[in-house]
Protein chains: 2
Amino acid sequence: MDKTQHTELKILEAARLVFHQKGFNGARMQEIADLAGINKALLHYYFRNKESLFEKVFNETFCQMASKMSEIFLSEMTLMSKIGIFVNFYLNFISRHSYVVQFIINALHDKPEQLREVILKQNLVPELLLEQIRKQLKEEMGLDIDPLHVYVNILGLVVFPVLAKPLIQSMFKVSDERMETFFEQRKKIVPTFIENALKGYEKDKSLV
Amino acid sequence: MDKTQHTELKILEAARLVFHQKGFNGARMQEIADLAGINKALLHYYFRNKESLFEKVFNETFCQMASKMSEIFLSEMTLMSKIGIFVNFYLNFISRHSYVVQFIINALHDKPEQLREVILKQNLVPELLLEQIRKQLKEEMGLDIDPLHVYVNILGLVVFPVLAKPLIQSMFKVSDERMETFFEQRKKIVPTFIENALKGYEKDKSLV
DNA sequence: TATGAGTTTAACCGAATGGTCAAAATTACG
DNA sequence: CGTAATTTTGACCATTCGGTTAAACTCATA
């Protein structure tokens with residue numbers, strides 16, 4: 001059937017918008033129904049309840065993020081190229097989907113378990129990603145650093161400014177326009193920052 | 001009267017706990033009342049409504065964070081010493097108050113305006129902080145980098161891992177104990193990472 | 001001890017919200 | 001076309017939740 005798929009898609013799209021912006025607690029089933037242009041009862045006809053609808057949206061969103069991350073970091077390039085591409089891609093992606101990261105972090109904060117089943121169901125193997133980074137750190141830069149720290153550093157430099165955007169803006173009176181150039185600048189600054197940092201480790205390898 | 005202050009403090013303490021962990025939407029006035037060991041009506045006797053109670057908690061929490069940041073970065077030390085101390089202090093503080101950052105970010109996401117009045121009321125001048133960093137970058141390291149980028153980088157490296165703790169743990173199957181040593185390691189890794197990165201810029205000052 | 005302001009409580013209210021149900025509309029199909 | 005299955009709707013329900021009210025209790029003080 002075509003029509004039922006169409007409504008289901010419309011519901012999911014509406015749910016995505018509302019859940020991303022307001023989170024589980026802030027979202028209203030009525031608002032999702034309205035946005036999808038349907039009756040609230042129909043919402044429950046397609047998705048048993050709020051939880052299951054939220055779960056669908058969460059899985060979908062998380063997979064989208066995670067698969068792109070894997071794709072980049074498991075590809076055939078130098079580590080520094082990957083980092084450059086990653087930073088660039090995510091700063092673009094996130095500015096168009098600014099709620100996504102906060103959505104994921106909040107969802108996981110409330111229900112940390114829900115991630116493992118997604119990972120299993122989607123055959124994601126995050127450990128491979130770390131192993132790949134470790135290998136490239138060693139082979140390309142002669143570094144014996146814990147890849148998790150490096151990975152978390154990269155994510156932090158990219159993701160945090162997006163999360164903290166409202167904080168930064170109202171704290172330092174940054175206009176929307178200047179904020180946009182700020183993010184644009186980071187596409188260059190962050191990769192250089194990371195490269196400098198990693199190259200600095202080569203000289204003294206003492207620290208873990 | 002002593003008794004009234006006592007109840008007010010008990011309320012604020014309870015409200016802090018609940019709001020920090022569950023946010024505005026997730027928090028229930030009843031739960032706060034229970035935790036404070038009082039009647040729900042008494043809650044509204046001391047604080048007009050949920051919003052005003054939340055605002056109190058938010059202001060208090062934010063000021064606590066911000067004032068310590070200012071204190072460190074406006075003190076008389078080299079920039080690198082400040083960074084070391086900052087990283088150390090916040091990794092300790094945050095691990096004991098793990099919800100605080102997420103609480104602030106979420107609150108600001110929902111109501112970005114509420115920050116400015118806090119800043120004004122508390123006489124915080126965030127611009128001074130940036131100016132100080134700019135000056136020290138220039139004088140101590142010969143760098144002409146936008147201090148906002150540097151500041152955001154520092155925050156990102158410290159704060160993001162805390163926000164993403166549940167993500168990291170379930171994604172890479174990290175045990176609670178290993179997570180604790182992970183944060184402990186960062187007290188050394190992050191300052192070195194930043195120092196390396198900044199020193200790397202000295203060689204080619206081309207980038208913004 | 002009587003008074004009155006300040007404090008605390010139990011009971012209650014109205015609106016919002018997630019969810020249900022039975023009937024109506026639409027579609028699939030023999 | 002007729003009938004059964006699927007899809008959609010409006011009305012409705014139970015519960016939760018923020019907030020109110022009026023009465024009761026506490027306690028300082030005159």
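Residue numbering restarts at 1 for every chain, and letters A, B, ... go by the order of the sequence lines. Just so it is clear, the values below take in all heavy atoms, side chains as well, and ignore hydrogens, waters and symmetry mates. Since we're looking at a predicted model, the values are computed, not measured.
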**Q** How about A:Phe19 and A:Phe103: are their ring centroids closer than 6.0 Å?
**A** no
**Q** For the pair made of CG in A:Asp34 and C1' in D:dT9, what is the distance, rounded to whole Å?
**A**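 Taking CG of A:Asp34 and C1' of D:dT9, I get 14 Å after rounding.
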**Q** Do the ring planes of B:His109 and A:Tyr99 sit parallel (below 30°), tilted (30 to 60°) or perpendicular (above 60°)?
**A**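 Aromatic pair B:His109/A:Tyr99 classed perpendicular.
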**Q** Can you tell me how far NZ of A:Lys165 sits from CD of A:Gln102, rounded to the nearest 0.5 angstrom?
**A**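 NZ of A:Lys165 is found 12.0 Å from CD of A:Gln102.
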**Q** In this structure, how many angstroms lie between the C1' atom of D:dT6 and the CD atom of A:Glu8, rounded?
**A** 14 Å
**Q** Estimate the overall bend of the helix from C:dT1-D:dA30 to C:dG30-D:dC1 from the end axes over five pairs each, rounded to 10 degrees.
**A** 10°
**Q** Please round to the nearest 0.5 Å and tell me the distance separating atom CG of A:Leu9 and atom OH of A:Tyr46.
**A**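 Atom-to-atom, A:Leu9:CG and A:Tyr46:OH are 10.0 Å apart.
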**Q** For B:Thr7 and C:dT7, is the shortest distance between a side-chain N/O and OP1 or OP2 below 4.0 Å?
**A**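 No, no such contact exists.
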**Q** So, are B:Glu71 and B:Lys68 salt-bridged, with charged N and O less than 4.0 Å apart?
**A**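 A salt bridge is present here (some side-chain N lies under 4.0 Å from a carboxylate O).
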**Q** Can you tell me the distance, in whole Å, between the OH atom of A:Tyr46 and the C1' atom of D:dT9?
**A**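 Rounded to the whole Å, the gap is 13 Å.
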**Q** For residues A:Val174 and A:Phe182, determine if any side-chain heavy atom of one lies less than 4.5 Å from a side-chain heavy atom of the other.
**A** no
**Q** Starting from C1' on D:dT21, measure out to CG on B:Leu42 and report it in whole angstrom.
**A**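 Rounded to whole Å, this separation is 15 Å.
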**Q** May I have the distance from B:Leu43 (atom CG) to D:dT20 (atom P), rounded to whole angstrom?
**A**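 Between P of D:dT20 and CG of B:Leu43: 12 Å.
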**Q** Expressed as a whole number of angstroms, how long is the span from B:Ile11:CD1 to D:dG18:P?
**A** 15 Å
**Q** Could you state the interatomic distance from CD (A:Gln64) to CZ (A:Phe93), rounded to the nearest 0.5 Å?
**A**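 Nearest 0.5 Å value for the CD-CZ distance: 4.5 Å.
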**Q** Does B:Glu113 pair with B:Arg116 as a salt bridge, N-O distance under 4.0 Å?
**A** no
**Q** Polar-atom pairs under 3.5 Å, protein N or O versus N or O of nucleotides 18-22 of chain C: list them with distances, or write none.
**A**
from, atom 1, to, atom 2, distance (Å)
C:dG18, OP1, A:Ala27, O, 3.3
C:dG18, OP1, A:Lys50, NZ, 3.1
C:dG18, OP2, A:Met29, N, 3.1
C:dG18, N7, A:Lys40, NZ, 3.0
C:dG19, OP2, A:His44, NE2, 3.2
C:dG19, OP2, A:Lys50, N, 2.9
C:dG19, N7, A:Lys40, NZ, 3.2
C:dG19, O6, A:Lys40, NZ, 2.8

